[in-house]
There are 2 protein chains.
Amino acid sequence: MKLSNSSQYAIRILTYITIQNESLINAFKLSQTLQIPYKFLTKIMTALVKADLVESTRGREGGFRLKKEASKIKVDDILNIFNDNMKKEECLLGIGQCDTHCKCALHDQWMEPKLLLQKMFRESNLEAISKKATKV
Amino acid sequence: MKLSNSSQYAIRILTYITIQNESLINAFKLSQTLQIPYKFLTKIMTALVKADLVESTRGREGGFRLKKEASKIKVDDILNIFNDNMKKEECLLGIGQCDTHCKCALHDQWMEPKLLLQKMFRESNLEAISKKATKV
DNA sequence: AATTAATACCACCTTTAAGTAGTAATTAAA
DNA sequence: TTTAATTACTACTTAAAGGTGGTATTAATT
Ligand code: SF4
Ligand code: SF4
C-alpha cells in the first residue's frame, strides 16, 4: 500500500524544483538536498525529461528546470510515468472487472478511499502542493 | 498502490472459507475455486496456520478451517501477517516522521484516505465482509 | 584547443516478491 | 498393513524493483 520509490522521489524532486524556482538545478544538488542516491536520481531525471515535465541543459553549468508552469503539472502526470497512478478500475483484491452487483468482499469499503486518492492525484498540481510543503 | 499478492489471496481464501462454512476445505479445492497457484496457496495457508487464524488437519480427508469465529478475525490481522497493513505512521512520500507543522507536499490530502483505509482494515471482520461479497 | 562540469545512455548488480519443485510427515480408508 | 490423500518443510527459480558503474556526449570556462 505504497507508491514506488521512483514515484516518491519524483514528487519530492519536482516539489523542490518548484519551491526553489531557480533557473537551473543540477542533479548533484538535488541528490544532496533530497538524500536520493545520485545515480538513481539521474535515472529518474531522464524519465522526467522524456515525459516532458522537465527540460535539461547539458554540459557545464547545466541542470534541470520545469518545462511547463507548475500549475499545469499534476501529481497524476508524475505517477503515470512510473505506472503508479490510481486507475479507474484499480482493484484491491485482484479479481478485477466488478461492479456494484458483482463485487468482492471489500468493494464497498474500498470505493471511498480509492476515489479520494484518485482525486488527490488528479487534482493536485505542483504549484498548489509545493506551497503546502514544510519539508521535502 | 496495492496490496501484495499474498495479502490479496489470503483475504479471498479466508472469505471463501467463511462463506462455505464447511468442516474442512482442502488446498486443492481452494486453489481450483479461487484460481490461485497451488504451491503458492499452500505456502500462504501455512502462514495463516502459524498466525493462528486457521487450523489444519493433516492426512487423508484433511484440510483447513477457521480457528476463531469469523467475527473475531479482522482484515488487519490478515494484512499483518504479510506486513501489508496500514500503519499509523504510514508514509506516502517516504520522508517519515512528520506532523501538522512539519509535513510533506501531500500530507494534507493523504490523511483522509489513509484514515479510511486504516478504518477499513481495522474494523472489517470476516463475518461482515463475507456477507457482502458476491464473488471471491 | 584543452579542461571541466554537467546530462544521457547502456549494462550490470542486489534485493525482494512471486512462484515452483520435491520430499517428509500425517492420517483415513482400503 | 499398505495405499492414497492430505498438510508441512526446505530449497530453489523467476521476475520486477531498486540501485550502481562506466563511458559517451555536450557546453561553458580557461
Ligand atoms: S470489487 Fe473488489 S475485486 Fe472487484 S474490482 Fe473492485 S476491488 Fe477489485
Ligand atoms: S507528511 Fe508526508 S512524508 Fe511525512 S509522514 Fe506524512 S506522508 Fe510521509
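Treat the numbers as computed from the prediction; the structure is a model and nothing was measured. A, B, ... follow the sequence lines: proteins, then strands. Residue 1 opens every chain.
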What pairs meet the ring-ring contact (aromatic ring centres under 6.0 Å, His included) rule with one or both residues in residues 89-112 of chain A, with sequence neighbours excluded? none
Which ring-ring contact (aromatic ring centres under 6.0 Å, His included) pairs, counting each pair once, include a residue from residues 27-52 of chain B, with sequence neighbours left out? B:Y9-B:F40
A:E61 or A:P37, whichever maps to the more 5' nucleotide of DNA chain D: A:P37
Gap between atoms [atom1] and [atom2], on [X] and [N] respectively (whole Å):
X	N	atom1	atom2	value
B:K29	D:dT7	NZ	C1'	17 Å
B:I36	C:dG19	CD1	P	10 Å
B:L41	D:dT6	CG	C1'	13 Å
B:F40	C:dT20	CZ	P	9 Å
B:L48	D:dA8	CG	C1'	14 Å
A:L24	D:dT26	CG	P	18 Å
A:F82	D:dG18	CZ	P	10 Å

Is any side-chain heavy atom of B:I13 less than 4.5 Å from a side-chain heavy atom of B:F64? no
Got a donor-acceptor contact below 3.5 angstrom from the B:D77 side chain to the B:I73 backbone? no
Nearest 0.5 angstrom please: [X] [atom1] to [Y] [atom2], how far?
X	Y	atom1	atom2	value
B:L48	B:F82	CG	CZ	5.0 Å
A:S7	B:L92	OG	CG	9.5 Å
A:Q8	A:I36	CD	CD1	10.0 Å

All N/O contacts under 3.5 Å from nucleotides 7-9 of chain C to the protein, with atom names and distances to one decimal?
{"residue": "C:dT7", "atom": "OP1", "partner": "A:A27", "partner atom": "N", "Å": "2.7"}
{"residue": "C:dT7", "atom": "O3'", "partner": "A:S56", "partner atom": "OG", "Å": "3.4"}
{"residue": "C:dA8", "atom": "OP1", "partner": "A:S56", "partner atom": "OG", "Å": "2.6"}

Between the side chains of A:T18 and A:E127, does any donor sit under 3.5 Å from an acceptor? no
Check: A:D84/A:S4 side-chain N/O donor and acceptor closer than 3.5 Å: yes
So, using side-chain contact (heavy atoms from CB on, under 4.5 Å) as the criterion, who are the partners of A:R65 when residues are at least two apart? A:L24, A:E55
Contacts under 3.5 Å, N or O only, protein and nucleotides 10-17 of chain C:
none

Using the 3.5 Å cut-off, write out each protein N or O paired with an N or O of nucleotides 2-4 of chain C and the distance between them.
none

Is the phosphate of D:dG19 approached by A:Y9 (side-chain N or O, under 4.0 Å from OP1 or OP2)? yes
Note: A:N26 and A:G62 closest approach over all heavy atoms is CB-O, 3.8 Å
